[in-house]
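Reviewing the structure listed below.
Every heavy atom of this structure was used, including side-chain atoms; hydrogens, water molecules and symmetry mates were not.
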Amino acid sequence: MPAPRKVDLLPPELKRWLEAELRTRGFAGYEALAEALNWKLEEEGLELRIQKSALHSFGAEYAEFVKVQEAASAWATEWMSEAGIGDEAKRHNVLFQMITALAFKVMQAQMTRAGDKIDPKELGFLGKMMKDIMGSAGIREQLVAAERKAQAAKLDQAVAAGEVTEDFRAEARRIMGFA
C-alpha cells in the first residue's frame, strides 16, 4: 500500500482551511499557499511540510470535485424547481436516488476489477452516505410531525380557553394541512 499523501495527513481543521483557501484563491497561487500552509503547520508545532507541487496536485483534484459538486447542485436545484418539488422529504428522496445511481456506477467499476484491486472503502463510504440520507429524511419527517402535533395542541388549547372558535380551529387545521 502506498504511503498517504502529505495533504491527507493534515489535521481536519487545516484541511478545511486549505480547501477554503483554494476556493478563495481561485485554485491558483500555489507557491504563496504552500508558504501560508507551512507557516500554519509550524505555528501548530507540526513537523509536516507540504510542497507547492503536492498542493497543486491536490488542488487540481479538489477543483474537479468542486466543479462536479456545483454542477450536480445546480442540476438538482433546477430539476426540483421545474418539477415543483417543495417538500424536503422529496428532496431527500431525489438526493438518495442520485447517490444510488452513483453507488451503482462505483459498484459497476469495482466489479470490473480483479479481487485484490477492489477498494472496500469506496463502497463503505457510499453505503454510509446512503444510510445518513435515509436517516436524515426520517428525522426530518419526525420533526415535522412533532411540530404539527404541537400546533394542533395550541389550537385545541386556544379553543378550550375561548380565544378562538371551533370553526377557526377547523379552518386553521385545514390551511396548515393537518385537518
(message) Quick check against the 3.5 Å criterion: does D8 have a side-chain atom that pairs as donor or acceptor with the backbone of P4?
(response)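 Flag not set: sc D8 to bb P4 has no pair under 3.5 Å.
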(message) Could you work out, with side-chain contact (heavy atoms from CB on, under 4.5 Å) as the rule, every residue matching E70, not counting sequence neighbours?
(response)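 In terms of side-chain contact (heavy atoms from CB on, under 4.5 Å), with neighbours along the sequence ignored, E70 is linked to V66.
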(request) Can you sort out the partners of L48 under side-chain contact (heavy atoms from CB on, under 4.5 Å), two or more places apart, ordered by chain and number? (result)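 So L48 forms a side-chain contact (heavy atoms from CB on, under 4.5 Å) with K6, L9, L10, L41, I50.
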(request) Give every residue pair that meets the side chain to side chain donor-acceptor pair (under 3.5 Å) criterion with at least one member in residues 160-169, sequence neighbours excluded. (result)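 Counting only pairs at least two positions apart or across chains, the side chain to side chain donor-acceptor pair (under 3.5 Å) contacts touching residues 160-169 are D156-R169, E166-R169.
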(request) Can you run down the side chain to side chain donor-acceptor pair (under 3.5 Å) pairs that involve residues 16-33, sequence neighbours left out, and say none if there aren't any? (result)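 Of all non-adjacent pairs touching residues 16-33, those that pass side chain to side chain donor-acceptor pair (under 3.5 Å) are E21-R25, R23-Y62.
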(request) List for me each residue that meets salt bridge (charged side-chain N to carboxylate O under 4.0 Å, His left out) alongside E42, sequence neighbours excluded, and say none if there are none. (result)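 Partners of E42 by the salt bridge (charged side-chain N to carboxylate O under 4.0 Å, His left out) criterion, ordered by chain and then number, come out as R49.
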(request) Could you list the residues that satisfy salt bridge (charged side-chain N to carboxylate O under 4.0 Å, His left out) with E61, not counting sequence neighbours? (result)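 R5.
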Starting at [atom1] of [X], measure out to [atom2] of [Y] and round the result to the nearest 0.5 Å.
X	Y	atom1	atom2	value
L55	N38	CG	CG	7.5 Å
H56	Q51	NE2	CD	14.5 Å
W39	E44	CH2	CD	10.0 Å

(message) Using the rule given for side chain to side chain contact (heavy atoms under 4.5 Å, CB included), can you reason through L22 versus F58, listing the C-alpha separation, both sets of side-chain angles and the distance that settles it, and then say yes or no?
(response) CA-CA 10 Å; L22 284 166; F58 175 77; 3.8 Å; yes
(message) Counting only heavy atoms from other residues, nucleotides and ligands, does the tally under 6.0 Å from NZ of K154 exceed 12?
(response)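 It does not: K154 NZ has 12 such atoms or fewer within range.
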(message) I'd like to know whether CD of E35 has more than 12 heavy-atom contacts from other residues, nucleotides or ligands below 6.0 angstrom.
(response)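 Atom CD in E35 is not packed in, count stays at 12 or less.
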(request) With the side chain counted from C-beta on, respond yes when L46 and P11 share a heavy-atom pair under 4.5 Å apart, and no when they do not. (result)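 Heavy-atom side-chain distance check passes, below 4.5 Å.
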(message) Between the side chains of R174 and E171, is the shortest nitrogen-to-carboxylate-oxygen separation below 4.0 Å, so that they form an ion pair?
(response)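 Judged by the 4.0 Å cut-off on N to carboxylate O distance, E171 and R174 do form a salt bridge.
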